[in-house]
Amino acid sequence: MADSYNVKEIEAKWQARWDTEGLYQVDNDDPRPKAYVLCMYPYPSGAAHQGHVRNYTFGDLIVRYRTMRGEAVLSPFGFDSFGLPAENAAIKTGVHPRTFTNARIDELKESVKKLGAVYDWRREVKSHDPSYIKWSQFIFTKFFESGLAYKKNAPVNWCPGCQTVLANEQVLADGTCERSGDQVVKRDLEQWFLATTRYAEELLSDLDNLEWPERVKTMQRNWIGKSQGTKFKMAIAGSDDFFLEVFTTRPDTTFGMTYAVIAPEHPLVEVLTKDAFKVEVEAFRVEASDRSEIERQSTEVTSKIKRGVFTGSYAVNPFTGKEVPIYVADYVLMGYGTGAIMAVPGEDQRDYDFAKLYGLPVIRTVQPPDDFAGEAYTGSGSKINSDWLNGLEVDEAKAKATQFLTEAGVGGSTIQYRLRDWLVSRQRYWGCPIPIVNCPRCGLVPVPLEALPVLAPDDVEFLPTGESPLAVHPTFKFAACPKCGGDAIRETDTMDTFVDSSWYFLRFCDPTEDEAPFSKEAVAAWMPVDQYIGGIEHAILHLMYARFFTKALADLGYVPDHIREPFKRLFTQGMIRLGGSKMSKSKGNLVAPQRYFDTVGADSLRLFHLFVGPPADDFDWSEQTDDVIDGCFRFLNRVWRISLGTAESFPGVTVKVVNRETNHSDREILRLAHRLIAKVSEDYERWSYNTAVAAMMEFTNSLYRYAGNGAQVETFDFAVDTLIMLLAPMAPHITAEIWERRNGGLVHAQKWPTPDPDLVKSEKETLVIQVNGKVRDKIEVDSGIDEQTAVYLALASLKVQQALHGQTVRKTIVKLPKMISLVI
RNA sequence: GCCCGGGUGGUGGAAUGGUAGACACGGAGGACUCAAAAUCCUUUGCCCCCAAGGCGUGCGGGUUCGAGUCCCGCCCCGGGUACCA
């Protein structure tokens with residue numbers, strides 16, 4: 001009797017071998033065609049959860065599959081190991097973040113190995129490693145020298161929970177922190193920024209050439225928020241010193257302006273407010289800043305009442321010379337455009353709402369259709385009430401209005417982006433220190449390469465005061481100016497951890513380089529990433545920043561010129577949800593991968609993730625899920641038994657393999673095997689893993705029937721070996737073991753099988769006969785049947801005769817060998 | 001509100017305009033067993049006693065010899081986004 005499938009023994013054996021054998025280690029000068037397959041490197045939060053399992057299963061499958069196809073596949077792994085959880089743990093328990101993080105890395109690495117995922121571990125990268133910090137800092141100094149990194153005083157998002165500032169992207173729509181969920185407040189602080197807006201246009205236009213999910217591209221386009229419009233300055237009545245600049249996408253509606261609005265935070269508010277209105281305006285500004293925090297928490301649309309007060313000043317309409325009142329109102333945002341608008345209630349709903357509330361006049365400048373029942377009309381039409389624009393269509397009028405403003409020297413056409421520069425300062429300890437020294441004589445001076453990395457001191461106390469341990473450290477902040485050698489103050493802010501993850505994929509190409517962040521040659525060899533795999537939650541933040549870094553580093557000469565995008569193809573996997581959207585700790589533990597490694601094994605768990613549905617779809621983990629995983633385990637057992645069994649091996653399994661002449665059943669299973677090769681290969685290419693698994697299950701079922709009836713030895717062996725090779729990327733341990741026992745050697749070093757096109761076609765087909773579109777009969781025919789015979793057979797069918805009721809066939813549609821459609 | 005996705009058996013899901021429900025889970029029945037587990041076999045969309053037949057992919061229309069698939073109009077669910085001028 002053959003051994004039964006001993007999961008633990010087999011998986012441990014092969015994991016140890018993959019660790020030492022180096023089949024998946026690739027060198028930069030590997031002569032095979034190169035491919036770079038990458039899963040987003042994780043924040044190390046301890047042992048892997050099912051989301052990781054899903055991610056790494058897809059990645060590992062592709063790595064193993066493409067390797068069998070003869071490619072040199074770069075498959076590195078690393079850790080996004082800076083971040084708040086480690087620091088919060090330090091505050092709570094006193095354990096140093098490094099100790100804490102290293103322990104979590106070990107746990108994660110262990111569970112990744114237990115999954116059977118293979119990586120070139122020689123290339124492992126950790127963002128908290130001094131050798132990585134050094135080059136993150138180096139890149140920052142290069143950005144600083146080129147003006148891409150700069151410091152400015154600005155109202156910034158402050159998260160009281162995280163005790164640090166946040167980038168705009170890290171603040172959710174309701175004004176809460178994407179990490180802690182706390183309400184974010186505005187603070188005026190001197191902070192470091194990266195000039196992402198310099199690349200706004202390229203970040204937008206290059207999206208067109210990426211093989212990314214459309215919705216991710218759409219999200220990025222919306223985030224960049226390009227808007228074509230016109231900027232112009234309006235004179236202020238009674239003042240020659242100031243003017244009001246506004247941005248509009250509708251310069252054609254300028255004749256309809258009945259008032260103007262500036263944001264409460266606008267610097268001109270003070271100047272514009274006349275004495276008589278000072279009290280009211282000041283009260284409004286205070287109220288507005290309070291209210292914005294409260295109202296942002298409410299998702300009620302009704303809370304979006306537009307409120308404002310009159311400043312006492314008037315702006316002069318450049319088209320009419322007429323004066324309109326200037327209001328301060330909270331529906332105009334300081335952060336967009338110029339922070340001021342001309343208000344046209346006739347063609348803008350927001351302006352209309354405000355005008356109605358405060359009794360301001362409405363002038364229409366576009367003729368709405370007769371049946372128009374709305375308030376502000378934003379559609380197309382011809383101009384009215386607009387003097388020299390009357391009769392023109394909106395688009396023509398826009399051009400003419402802009403031309404007028406340009407010629408008058410008060411404005412011109414302009415492009416606005418919603419995208420803003422990336423705020424990278426963080427008032428935290430466990431991050432990459434910003435390598436800048438502030439010298440009272442020389443100003444901001446970058447720490448030179450020889451002195452990098454700047455490492456945070458270890459002798460710090462982690463206290464829940466909210467103050468960064470670096471800022472209160474007795475000596476860290478004192479440094480000699482690299483330029484003049486005099487006393488200077490070191491920057492104590494660290495970088496947003498998204499900085500680290502914006503270039504790790506480049507470091508993987510050349511992880512031990514000691515003279516530069518990476519060599520150009522190494523990057524040229526592997527970049528861009530051929531297949532990037534990760535969660536949809538990074539659709540904007542990480543993916544946008546990584547794209548920005550790649551472009552900036554190319555312009556600075558570190559990345560080869562022709563590489564302007566880091567990730568050629570992106571796949572965003574679906575999320576694993578537990579009981580709807582709630583993820584509770586107890587439930588999380590209940591489905592922890594370790595539990596399955598200990599029982600059914602990694603192969604069954606991997607197979608389950610591949611089988612359960614399309615990879616892009618979310619999956620709800622439920623009570624029934626364990627049954628499905630057991631089903632995958634059962635399938636692997638069936639594969640084990642048919643591959644290694646004989647008639648006597650396993651009760652209930654009949655595997656009769658004999659030496660004899662080839663017969664019909666041999667030819668059929670051979671055809672099925674070749675069809676399977678074609679089907680699985682195609683499904684692997686199109687990310688349809690669930691159907692590939694189904695096809696292999698079906699084939700295994702056929703194999704059982706075949707073997708039960710007496711299989712011919714060569715045909716049987718071919719069929720089994722084919723199945724094992726096709727399954728090898730999905731269930732690597734069991735297939736490696738079966739292959740070794742049957743043939744010796746490594747299944748993952750085999751060449752991916754090629755289907756014989758002649759054998760992919762089957763001998764017999766089911767011909768479906770329809771009458772008036774309804775299926776009336778199905779008959780077995782030779783696949784090479786000719787039209788005449790097929791039609792003859794169709795008409796000869798009794799069921800078809802019944803359906804025809806003796807009526808004449810008016811039309812016959814023939815799609816051989818599958819279908820004949822008769823029309824009466 | 002706007003922009004994407006998506007509605008198929010009891011469940012997860014298959015289906016280049018051509019046999020709807022592959023494959024699996026669950027259910028039912030059976031074989032093996034003293035018994036159970038494991039394994040193996042049969043069956044499983046709905047209506048109908050069975051068969052013949054009919055009905056079936058959120059709803060209503062349309063195109064087509066033929067629609068889950070394409071077009072138009074709705075309904076519902078999920079996600080993203082929201083005073084961006």
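Letters A, B, ... are given to chains in the order of the sequence lines, protein chains preceding strands, and every chain is numbered from 1. Side chains are part of it too, since the values below use all heavy atoms of this structure and drop only hydrogens, waters and symmetry mates.
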Output for pair (A:Ser413 OG, A:Lys231 NZ), nearest 0.5 Å, gives 11.0 Å

Using Watson-Crick geometry (N1-N3 plus N6-O4 or O6-N4) or G-U wobble (N1-O2, O6-N3), each under 3.5 Å, B:A51 is paired with none

For atom CD1 of A:Ile629 and atom P of B:C25, their distance in whole Å:
13 Å

Can a cation-pi geometry be assigned to A:Arg364 and A:Tyr377, taking NZ or CZ under 6.0 Å from the six-membered ring centre and within 45° of the ring axis?
no

To the nearest 0.5 Å, tell me how far A:Thr766 OG1 sits from A:Ile779 CD1.
10.0 Å

Which nucleotide wins on minimum distance to the side chain of A:Phe619, given the candidates B:G10, B:G12, B:A24?
B:G12

Quick check for you: among B:A14, B:A85, B:A24, whose closest atom lies nearest to any side-chain atom of A:Pro614?
B:A14

Surrounding OH of A:Tyr336 (heavy atoms of other residues, nucleotides or ligands, distance under 6.0 Å), is the total greater than 12?
yes

Atom pair distance, as rounded to whole Å: CG in A:Asp620 and C1' in B:G13
14 Å

Contact class for A:Val332 (heavy atom, under 4.0 Å): base, sugar-phosphate, or nothing?
base

Which nucleotide wins on minimum distance to the side chain of A:Val628, given the candidates B:U19, B:G12, B:C25?
B:C25

A:Leu333 has a side chain; which of B:C40, B:C83, B:A24 sits nearest to it?
B:C83

Sort out the partner of B:U39 for me: Watson-Crick or G-U wobble, both distances under 3.5 Å, none otherwise.
B:A31

With both distances kept under 3.5 Å, what pairs with B:G12, Watson-Crick or G-U wobble?
B:C23

Report the nucleotide, chosen from B:U19, B:G12, B:G79, that has the shortest atom-to-atom distance to any side-chain atom of A:Val768.
B:U19

Walking RNA chain B from its 5' end, the first of A:Arg686 and A:Met334 to be reached, judged by nearest nucleotide, is A:Arg686

So which nucleotide does B:G1 pair with, by the Watson-Crick or G-U wobble rule with both distances under 3.5 Å?
B:U81

Find the distance A:Leu816:CG to B:G18:P and express it as a whole number of Å.
16 Å

Does the B:G18 base have a donor-acceptor partner in the side chain of A:Lys815 within less than 3.5 Å?
yes

Categorize A:Asp627 for me: base, sugar-phosphate, or nothing, with a 4.0 angstrom heavy-atom threshold over every strand shown.
sugar-phosphate

Does A:Lys306 contact B:C83 through a side-chain donor or acceptor facing the base, at a distance under 3.5 Å?
yes

Within the 4.0 Å heavy-atom criterion, would you say A:Arg221 contacts the bases, only the backbone, or no part of the nucleic acid?
nothing

For atom P, what is the distance between B:A67 and B:U57, given to the nearest Å?
11 Å

How would you label the contact of A:Ser227 with the nucleic acid (heavy atoms, under 4.0 Å): base, sugar-phosphate, or nothing?
sugar-phosphate

Could you label the plane-to-plane angle of the A:Phe619 and A:Trp621 rings as parallel, tilted or perpendicular, counting under 30° as parallel and over 60° as perpendicular?
perpendicular

At under 4.0 Å, does any side-chain N or O of A:Thr338 touch on OP1 or OP2 of B:A85?
no

Between A:Asn772 and B:G66, is there a contact of a side-chain N or O with OP1 or OP2 at under 4.0 Å?
no

Assess the pair A:Tyr327 and A:Phe354: is the distance between their ring centroids shorter than 6.0 Å?
yes

Would one find a side-chain N or O of A:Arg638 under 4.0 angstrom from OP1 or OP2 of B:C40?
yes

So what does A:Arg634 touch, heavy atoms closer than 4.0 Å: a base, only the sugar-phosphate, or nothing?
sugar-phosphate

If I pick the C1' atom on B:U44 and the same atom on B:U81, what distance separates them, to the nearest angstrom?
45 Å

Whole-angstrom distance between B:A22 and B:U8, as gauged at atom P
16 Å

Would you compute the distance between atom CG of A:Leu727 and atom OG1 of A:Thr722 and round it to the nearest 0.5 angstrom?
12.0 Å

Going by salt bridge (Lys or Arg N to Asp or Glu O under 4.0 Å), A:Glu765 matches just one of A:Lys818, A:Lys815, A:Lys778. Which one?
A:Lys818

Side-chain N or O of A:Lys778 less than 4.0 angstrom from OP1 or OP2 on B:U19?
no

Determine the Euclidean distance between corresponding P atoms of B:C40 and B:A15; express it in Å to zero decimal places.
27 Å

To the nearest Å, how far apart are A:Met697 CE and B:A14 C1'?
13 Å

Rounded distance (Å) that lies between atom C1' of B:A24 and atom CZ of A:Phe635:
11 Å

How long is the gap from CD on A:Glu682 to OG on A:Ser688, to the nearest 0.5 Å?
8.5 Å

Go through B:A24, B:C40, B:A15 for me and flag the one nearest to the A:Arg641 side chain.
B:C40

Out of B:A24, B:G54, B:U19, whichever nucleotide has its closest atom nearest the side chain of A:Arg776:
B:G54

What distance separates A:His266 NE2 from A:Met334 CE, expressed to the nearest 0.5 Å?
4.5 Å

Separation of atom NZ in A:Lys764 from atom P in B:U19, rounded to whole Å
21 Å

B:G73 -> Watson-Crick or G-U wobble partner, both distances under 3.5 Å, gives B:C59

Determine the interatomic distance between C1' on B:U63 and the same-named atom on B:G1; round to the nearest Å.
33 Å

Look at the side chain of A:Gln770 against the base of B:G18 and say whether a donor-acceptor pair falls under 3.5 Å; ignore hydrogens and angles.
yes

Can you work out whether A:Glu765 or A:Gly613 has the more 5'-proximal nearest nucleotide on RNA chain B?
A:Gly613

For A:Asn701, report the nucleic acid contact type (base, sugar-phosphate, nothing); a contact means any heavy atom under 4.0 Å.
sugar-phosphate

Which of these nucleotides, B:A82, B:G13, B:C55, is closest to any side-chain atom of A:Arg418?
B:A82

Nearest whole angstrom, please: distance from the C1' of B:C23 to the CG of A:Asp683.
12 Å

Candidates B:G79, B:C83, B:U19 - which lies nearest the side chain of A:Asp330
B:C83

What's the closest nucleotide to the A:Met219 side chain, out of B:C65, B:G54, B:G80?
B:G80

How is A:Met819 classified with respect to the nucleic acid when contacts are heavy atoms under 4.0 Å: base, sugar-phosphate, or nothing?
base

Considering only the P atoms, how many Å lie between B:A82 and B:A14, rounded to the nearest integer?
32 Å

Under the rule syn = chi within 90° of 0, otherwise anti, which is B:G9?
syn

NA contact type, A:Gly631, heavy-atom cut-off 4.0 Å: base, sugar-phosphate, or nothing?
sugar-phosphate

Checking base pairs now: Watson-Crick or wobble, both atom distances under 3.5 Å. What partners B:G17?
none

Rounding to an integer number of Å, can you tell me how far A:Glu245 CD sits from B:A85 P?
16 Å

Rounded C1' spacing from B:C75 to B:G60 in Å:
10 Å

Span that lies between the C1' atom of B:A37 and that of B:C50, in whole angstrom
37 Å

